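See below for the structure under consideration.
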2 protein chains.
Amino acid sequence: MTVTQSEPVTSGLAATAERPVKVRNCGPPPLPHPKPTGQDRYTISEVSEHTGLSAHTLRWYERIGLMPHVNRTHTGQRRFSNRDLDWLSLVTKLRLTGMPVADMVRYAELVRQGESTFAEREQLLTAHREDVRQRITELQSTLDVLDYKIDIYADARRASERF
Amino acid sequence: MTVTQSEPVTSGLAATAERPVKVRNCGPPPLPHPKPTGQDRYTISEVSEHTGLSAHTLRWYERIGLMPHVNRTHTGQRRFSNRDLDWLSLVTKLRLTGMPVADMVRYAELVRQGESTFAEREQLLTAHREDVRQRITELQSTLDVLDYKIDIYADARRASERF
DNA sequence: TAGAGAGTTCGAGCGCACTCCAAGCAAGCG
DNA sequence: CGCTTGCTTGGAGTGCGCTCGAACTCTCTA
């Protein structure tokens, strides 16, 4: 199955500190950024290419406060960093799992406000995790229904093929 | 078309004479019908209550062809049957798992057209099942990211609580 | 120096899945 | 009889998450 494009997700927190080694889960798979730190200045179309988000959407994300401030050239063009890419990959995951944009904006705000918001961030993510778990359960139960019905159709097909 | 729908009945022990006995999966847990077959004439608000769908939505489903023809009283009020309830519970499951309304309308059309459409129905459901499976994978992978981040926040919290 | 191409902003528009509204009809009750 | 409650319709409105267009600037190559 889709092991979605790998992505080092570490933006809400300092991507700086070395990543704590977790036993139960080694964390998101750290896949290389297209450009090494130091030369990580991506144009909007490069980011669009990399993330699959349209340039329009990227600008819109910034407008609504969903991006943590993107650097600009002296003429005002955006230059995204590896850190921005990390953030976008988190955002994309959260979106795909149905977190409303408003909640993500809230989370982005909290990140901007610094360490004092750790507790609320934890809460927000925990709530979303519960959501996700519940949706997985829902999907599984639908899978049962689908299996059941598909079996019936398949049986009918096989029966008709036999004669 | 007055042709009775040929939709594999998936719920209602009481409703059907005999249901196909499946070995691998006994089918979805049949949510019992509030009223026994024969007296199953529900008003729109009863159905709304039972399904959690608003009366507005129920009428809208009918308008767009997502309901297989609902009986009416002599004055034109809708009276839903147990069969309608079963259909709605399938529709609800499909909706919750992200099947577009247009696809469900297509499926409803096929059901109306009778047994000759079994193959296409099977295809449609199989495609959706693939979709659902993929989304489960996606959700699982996000769960990993969430666990990872929540752990970090929790560690920070515990650390700060210690001092 | 001209022209292509990629970037910018702001605001309008779109598709989906509802959600609501206005106006009207029918049944039951005091 | 009037009142309330619950239903009917067609059509307009809403909220979300983009998506697009117009008009303009900047950069690069020939």
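No hydrogens, no waters, no symmetry mates; every other heavy atom, side chains included, goes into these values. All values derive from a computational prediction rather than experimental measurement. Reminder, nothing fancy here: chain letters follow the sequence lines and each chain counts from 1.
Rounded to whole angstrom, the span from the CD atom of B/Glu49 across to the C1' atom of D/dG6 amounts to 15 Å. Rounded to whole Å, atom C1' of C/dA17 lies 14 Å from atom NE2 of B/His56. Distance B/Leu53 CG to C/dA17 C1': 12 Å, rounded to the nearest Å. Computed from coordinates, the A/Leu96 CG to D/dC16 P distance equals 19 Å when rounded to whole Å. One atom, CD of A/Gln77, and another, C1' of D/dC28, lie 12 Å apart when rounded to the nearest Å. The separation between B/Leu58 atom CG and C/dA17 atom C1' is 14 Å, rounded to whole Å. Across the protein-nucleic acid pair, B/Arg79 atom CZ and C/dA26 atom C1' stand 11 Å apart, rounded to whole Å. Rounded to whole angstrom, the span from the CG atom of A/Leu66 across to the P atom of D/dG17 amounts to 10 Å.
Under 4.0 angstrom from either OP1 or OP2 of D/dG17 there lies no side-chain N or O belonging to A/Tyr61. For C/dC25, neither phosphate oxygen OP1 nor OP2 lies less than 4.0 angstrom from any side-chain nitrogen or oxygen of B/His74.
Within 3.5 Å, a donor on the side chain of B/Arg63 pairs with an acceptor on the base of D/dG11, or the reverse.
Side chain of A/Ile44, nearest nucleotide from C/dG7, D/dC20, C/dC18: C/dG7. The side chain of B/Arg59 approaches D/dT9 more closely than any other nucleotide in the set C/dA17, C/dT8, D/dT9. Listed nucleotides D/dT27, C/dT19, D/dC18 differ in distance to A/Thr75; the shortest reach to its side chain belongs to D/dT27. Here the nucleotide nearest the side chain of A/Arg72, chosen from D/dC7, C/dT8, C/dC20, is C/dT8.
Across all strands, A/Thr73 comes closer than 4.0 Å to no nucleic acid atom at all (heavy-atom distances). If you check every strand for non-hydrogen atoms under 4.0 Å, B/Thr43 touches sugar and phosphate atoms only. Residue A/Arg78 is in sugar-phosphate contact alone, with no base atom involved, counting any heavy-atom pair closer than 4.0 Å across all strands shown.
At least one side-chain heavy atom of B/Lys149 sits under 4.5 Å from a side-chain heavy atom of A/Leu90. With contacts defined as side-chain heavy-atom distances shorter than 4.5 Å, the pair A/Leu88/A/Val47 qualifies.
A salt bridge is defined here as a Lys NZ or Arg NE, NH1 or NH2 lying under 4.0 Å from an Asp or Glu carboxylate O, and B/Asp155 with B/Arg158 meets this definition. With salt bridges taken as basic N to acidic carboxylate O contacts below 4.0 Å, none links B/Arg112 and B/Glu109.
Between A/Ser45 and B/Arg95, the residue anchored closer to the 5' end of DNA chain C is A/Ser45, taking for each the nucleotide with the nearest heavy atom.
Below 30°, between 30° and 60°, or above 60°: for B/Tyr107 and A/Tyr153 the angle between ring planes is above 60°, a perpendicular geometry.
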